[in-house]
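These numbers come from a predicted model, not from an experiment. Each residue takes its place number in the sequence, starting with 1. Hydrogens, waters and symmetry mates play no part in the numbers below; they use all other heavy atoms, side chains included.
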Amino acid sequence: PGPEIPDPGGLGFMLTMRLPTGSRENLRGLGVYRTMASAIFSAGKGPFKPHASGGFEFWSKSVDVPTATATGGLVKVRHQVLFAAGFEIEAHPKVTLLLDFLGQKIRKGGEVGVVSDPINAGGISSIQSLVDLPEGILKGILVPGIKVNLKGKLLLSLNALVTVKNNGLHSKVTPVVGLNLGL
């Protein structure tokens with residue numbers, strides 16, 4: 001192996017487009033064009049390397065979600081903000097520790113809540129429904145991890161996605177294991 005190339009870090013900009021290729025009727029797509037403009041930063045001197053990114057995703061139209069209550073109603077979900085920040089520390093030449101925070105704000109809908117609808121049937125005065133609310137979802141996920149160079153170009157990655165804030169449906173902890181072989 002030759003000398004290691006230093007990583008000075010940098011600043012970048014990214015534009016991502018997502019095209020609606022699936023069918024809404026077959027539950028294989030939203031039928032929405034999405035375009036995200038974002039900025040990415042990293043610093044690379046020494047064993048401590050911070051990084052961050054953030055962007056805004058524009059949706060061509062809203063995703064309309066019925067509230068399924070007796071009175072009807074529609075929640076119009078549209079646009080989102082994504083952000084992330086973290087760092088990695090070279091703890092040993094073959095071990096890197098990582099910590100990231102991932103955030104997402106989906107605007108104007110997605111929070112799940114319970115509503116009561118009045119009815120008068122057979123002694124029942126109301127029913128409760130789990131519905132989509134017009135409040136947006138705010139997600140915060142902490143991602144601790146470790147990367148270990150097992151041998152040569154074989155890399156083991158162990159991470160956990162730990163939900164710290166989410167007012168939508170979510171899991172508390174999701175373990176992630178990766179095994180990479182560089183060629």
Side-chain angles (χ1 to χ4, degrees), residues 7-44 49-69 72-88 96 98-113 129-145 147 155-183:
D7 178 6
L11 179 64
F13 299 95
M14 182 171 64
L15 189 64
T16 305
M17 293 187 72
R18 296 181 184 191
L19 307 176
T21 58
S23 165
R24 285 186 69 146
E25 292 75 28
N26 291 332
L27 301 176
R28 295 187 181 258
L30 298 175
V32 175
Y33 291 87
R34 300 185 305 175
T35 304
M36 185 168 75
S38 55
I40 304 134
F41 160 79
S42 70
K49 297 180 176 112
H51 51 265
S53 65
F56 186 83
E57 186 175 73
F58 303 90
W59 297 8
S60 62
K61 61 182 180 178
S62 64
V63 175
D64 300 337
V65 181
T67 60
T69 64
L74 204 60
V75 172
K76 295 179 173 285
V77 182
R78 189 165 188 194
H79 307 309
Q80 71 175 330
V81 177
L82 299 164
F83 50 94
F87 60 87
E88 46 184 80
T96 302
L98 307 118
L99 183 63
D100 285 300
F101 179 80
L102 311 175
Q104 177 184 28
K105 171 66 174 170
I106 299 176
R107 301 181 65 228
K108 300 188 179 178
E111 184 174 345
V112 176
S129 303
L130 191 63
V131 298
D132 189 29
L133 300 174
E135 289 79 27
I137 293 178
L138 179 60
K139 293 181 181 181
I141 299 174
L142 195 61
V143 186
K147 290 188 221 176
L155 182 68
L156 173 66
S157 299
L158 303 171
N159 297 285
L161 303 171
V162 182
T163 300
V164 292
K165 168 70 176 157
N166 189 334
N167 53 351
L169 297 175
H170 65 279
S171 62
K172 296 284 185 198
V173 177
T174 304
V176 180
V177 177
L179 195 57
N180 299 339
L181 179 59
L183 299 175

Below 4.5 Å, heavy atoms only, C-beta onward: do L19 and Y33 meet side chain to side chain?
-> yes
Are any of the side-chain heavy atoms of R107 and F56 separated by less than 4.5 Å?
-> yes
May I have the list of side-chain donor-acceptor pairs in residues 172-183 shorter than 3.5 Å, sequence neighbours left out?
from	atom 1	to	atom 2	distance (Å)
T174	OG1	S171	OG	3.0

Indicate yes or no: at least one non-hydrogen side-chain atom of V32 is less than 4.5 angstrom from one of S60.
-> yes
How far does CZ of R18 sit from OG1 of T35, to the nearest 0.5 angstrom?
-> 10.5 Å
Partners meeting salt bridge (Lys or Arg N to Asp or Glu O under 4.0 Å) with R34 (sequence neighbours left out) | E57
Which heavy-atom pair separates V162 from P144 by the least distance, and what is that distance?
-> CG2-CD, 4.3 Å
Atom pair CG (L142) and NZ (K165), whose distance is rounded to the nearest 0.5 Å | 15.5 Å
dist Q80:CD -> W59:CH2 (nearest 0.5 Å) comes out at 5.5 Å
For G55 and S38 the tightest heavy-atom approach is CA-CB, 3.6 Å
Kindly indicate whether the side chain of Q104, heavy atoms from C-beta on, has any atom under 4.5 Å from the side chain of L102.
-> no
With respect to L98, which candidate in K49, K147, H51 satisfies the side-chain contact (heavy atoms from CB on, under 4.5 Å) definition?
-> K147
Locate the shortest heavy-atom distance separating F87 from D100; write the atom from each residue and the value.
-> N-OD1, 4.1 Å
